[in-house]
Amino acid sequence: QMTLVDSGGGSVQAGGSLRLSCAASANTYSSYYMAWFRQTPGKEREVVASITPGGSITDYADSLKGRFNISRDNAEKTLFLKMNSLKPEDTAIYYCAAAPPFEGRFWPRMAREQSTYRYWGQGTQVTVSS
């Protein structure tokens, strides 16, 4: 079992930055693939970024490359998302998610799919005003 607690959301102006955090409860955290997803009303949840258990390999949605950075601290069992140059279209609820280990040859395809993830945070609201 794993509990994920998202935090760090808020309201910022366009061009600003935010850093989201996701605190995990399980001692097996370091073996899990992790990701951030986001969702806006009326739209499907979409993947933002994902990271391998060791933290050495990351994957991003094409539209977000260069502005967002995913990282993790396995000793602290925490996942991060640093968001820079925020735009109004980044407004959404952001969720962290944890997936049990899968074969590396399926990376990054499986990491981009919601169904891969077993545990989810409660979400944190990010609002970017123009």
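Not measured: the values here are computed from a predicted model.
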### Message
Nearest 0.5 Å, please: how far is NZ in Lys65 from OG1 in Thr58?
### Response
9.5 Å
### Query
Short question: side chain of Gln114, backbone of Arg45 - any donor-acceptor pair under 3.5 Å?
yes
### Summary
Closest non-hydrogen contact found for Pro101 with Ser31 is CG-O, 3.2 Å
## Note on the structure
When every non-hydrogen atom of Leu4 is compared with those of Cys96, the smallest separation belongs to CB-SG, 3.7 Å
### Query
When you measure from the side chain of Ser17 to the backbone N and O of Asn84, does any donor-acceptor pair fall under 3.5 Å?
no
#### Entry: Min side-chain heavy-atom separation Tyr32-Pro100 under 4.5 Å
yes
### Query
Which distance, rounded to the nearest 0.5 Å, do you find between the OG1 of Thr124 and the CD of Gln122?
7.0 Å
### Task
Please step through ring-ring contact (aromatic ring centres under 6.0 Å, His included) for the pair Tyr60 and Phe68, ending with a clear verdict.
CA-CA 8 Å; Tyr60 296 90; Phe68 288 17; 8.2 Å; no
### Query
Counting N and O atoms only, with roles assigned by atom type, does the side chain of Thr78 sit under 3.5 Å from a partner on the main chain of Asp73, one being a donor and the other an acceptor?
no
### Query
To the nearest 0.5 Å, what is the distance between CD1 (Ile70) and CD1 (Ile57)?
13.0 Å
#### Entry: Pairwise side-chain contact, Leu64 with Arg38, heavy-atom cut-off 4.5 Å (strictly under)
yes
### Query
Is the closest side-chain heavy-atom distance between Cys22 and Trp36 below 4.5 Å?
yes
### Message
Tell me whether the rings of Tyr117 and Phe37 are parallel (<30°), tilted (30 to 60°) or perpendicular (>60°).
### Response
perpendicular
### Task
Would you name the heavy atoms of Pro88 and Ser129 that are closest together and state the gap between them?
CG-C, 4.5 Å
### Task
Tell me, please, whether Trp107 has Arg112 positioned over its six-membered ring: NZ or CZ under 6.0 Å from the ring centre and within 45 degrees of its axis?
no
### Query
Centre of Phe80's six-membered ring, under 6.0 Å away, within 45 degrees of the axis: is that where NZ or CZ of Arg19 sits?
yes
### Message
To the nearest 0.5 Å, what is the distance between CD on Glu44 and CD on Glu46?
### Response
10.0 Å
### Task
Please name the pair of heavy atoms, one in Gln125 and one in Ala92, separated by the smallest distance, quoted to 0.1 Å.
NE2-O, 3.4 Å
### Message
Let me check something: do Leu79 and Tyr119 share a hydrophobic cluster, defined by ILVMFWY side-chain heavy atoms less than 4.5 Å apart, either directly or through other members?
### Response
yes
### Query
Any side-chain heavy atom of Asn69 sitting closer than 4.5 Å to one from Leu81?
no
### Query
Taking the side chain as C-beta and beyond, is there a heavy-atom pair between Tyr33 and Thr116 under 4.5 Å?
no
### Query
Can you tell if the side chain of Asp6 reaches within under 4.5 Å of the side chain of Tyr94, non-hydrogen atoms only?
no
### Message
Measuring from atom CG of Leu18 to atom CE of Met83, what distance do you get when rounded to the nearest 0.5 angstrom?
### Response
4.5 Å
### Task
Might you point out which heavy atoms bring Val126 and Gly9 nearest each other, and give the distance in Å?
CG2-CA, 4.1 Å
### Task
Please check if the side chain of Ser115 supplies one atom and the backbone of Glu113 the other of a donor-acceptor pair under 3.5 Å.
no
### Message
Quick one, Val12 and Thr127 - any side-chain contact, counting heavy atoms below 4.5 Å?
### Response
no
### Query
Which value, rounded to the nearest 0.5 Å, describes the distance between Glu89 atom CD and Lys87 atom NZ?
5.5 Å
### Query
Taking a hydrophobic cluster as the set of Ile, Leu, Val, Met, Phe, Trp and Tyr residues connected by side-chain heavy atoms closer than 4.5 Å, whether directly or through intermediates, do Ile51 and Val47 fall within one such cluster?
no
### Message
Tell me whether the NZ or CZ atom of Arg72 lies within the 45° cone about the ring axis of Tyr29 and under 6.0 Å from its centre.
### Response
yes
### Task
Compare every heavy atom of Ala98 with every heavy atom of Met34, then report the nearest pair and how far apart it is.
SD-CB, 3.4 Å
### Message
Could you check whether any side-chain heavy atom of Thr91 comes within less than 4.5 Å of a side-chain heavy atom of Thr40, counting everything from C-beta outward?
### Response
no
